[in-house]
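Here's the structure, in structure tokens; my notes come after.
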Amino acid sequence: MAGNRTFTMIKPDAMGAGNAGAILKMIEEAGFRIVAMKVTHLTKERAGQFYEVHKERPFYNDLCEYMSSGAIIAAILEKDNAVADFRTLIGATNPADAAEGTIRKLFATSIEANAVHGSDSDENAAIEGSFYFAKTEQF
Ligand code: CMP
């Protein structure tokens with residue numbers, strides 16, 4: 001059975017452009033409840049830990065630089081079928097391929113600066129949420 005929580009980050013490009021409020025509004029209007037949320041600023045090392053799974057990829061270093069270039073919002077979200085429904089809401093990784101009306105189509109500027117992150121599995125949603133929030137911070 002699909003789990004009911006996912007994890008997201010609103011990335012430095014979207015934060016810098018002043019789009020965090022509009023993105024959170026879309027998330028809530030799509031039926032997600034915010035379970036935990038914080039504004040934070042990753043160091044390059046911590047961004048590298050979060051994206052460790054990509055460390056052999058050619059874009060890894062640039063991704064870590066970019067993700068530590070400004071503030072982000074980290075949040076845990078709750079809804080039935082959360083992981084799949086959130087990935088539908090945000091659209092494809094590359095905004096050029098993202099469907100009309102998705103968050104990345106509306107707000108992302110490139111495949112790297114793609115406005116938001118969304119977990120790709122229930123297992124990773126739990127791991128990624130725990131990267132930012134203790135169990136006692138999740139409501
Ligand atoms: P995200 O969904 O957070 O997961 C990994 C991130 O790496 C992705 O969003 C993009 O920000 C970035 N990314 C993925 N593929 C590429 C690519 N081909 N070139 C540059 N950045 C990428």
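Below, all heavy atoms of this structure are taken into account, side chains as well, without hydrogens, waters or symmetry copies. Whatever order the structure lists ligands and atoms in, that order sets their numbers, starting from 1.
In this structure, Glu128 falls outside the shell of residues with a heavy atom less than 4.0 angstrom from ligand 1.
At least one side-chain heavy atom of Arg5 sits less than 4.5 Å from a side-chain heavy atom of Arg33.
Heavy-atom proximity to Arg104, at under 4.0 Å, picks out these atoms of ligand 1: 2 (O). Distances below 4.0 Å separate heavy atoms of Asn114 from the following atoms of ligand 1: 8 (C), 9 (O), 10 (C), 11 (O). Ligand 1 places these atoms under 4.0 Å from at least one heavy atom of Lys11: 1 (P), 3 (O), 8 (C), 9 (O), 10 (C), 11 (O).
With Phe133 as the aromatic partner, Lys38 meets the cation-pi criteria of under 6.0 angstrom to the ring centre and within 45 degrees of the ring axis. Stacking of Lys79 on the aromatic ring of Phe32 is recorded, both the 6.0 Å distance cut-off and the 45° axial limit being met.
Atom 18 (N) of ligand 1 has Ile111 CD1, 3.6 Å as its closest protein atom, hydrogens excluded (heavy atom only). In terms of protein heavy-atom proximity, atom 11 (O) of ligand 1 is nearest to Glu112 O, 2.9 Å. Nearest protein heavy-atom contact of atom 3 (O) of ligand 1 is Tyr51 OH, 2.6 Å.
Contacts between Arg57 and ligand 1, counted as non-hydrogen atom pairs separated by less than 4.0 Å, are absent for every part of the residue. Contacts of His54 with ligand 1, taken as heavy-atom pairs under 4.0 Å, involve the side chain alone.
Using a 30° and 60° split on the angle between ring planes, Phe50 and Tyr132 fall in the tilted class, from 30° to 60°.
When the options Tyr60, Tyr66, Phe59 are ranked by their closest heavy atom to atom 22 (C) of ligand 1, first place goes to Phe59.
The distance from the CG atom of Asp62 to the CZ atom of Arg57 is 13.5 Å, given to the nearest 0.5 Å.
With Arg104 contributing its side chain and Val116 its backbone, the two residues share a donor-acceptor pair below 3.5 Å.
Residue Val39 forms a side chain to side chain contact (heavy atoms under 4.5 Å, CB included) with just one option from Ile73, Ile10, Ile72, and that option is Ile73.
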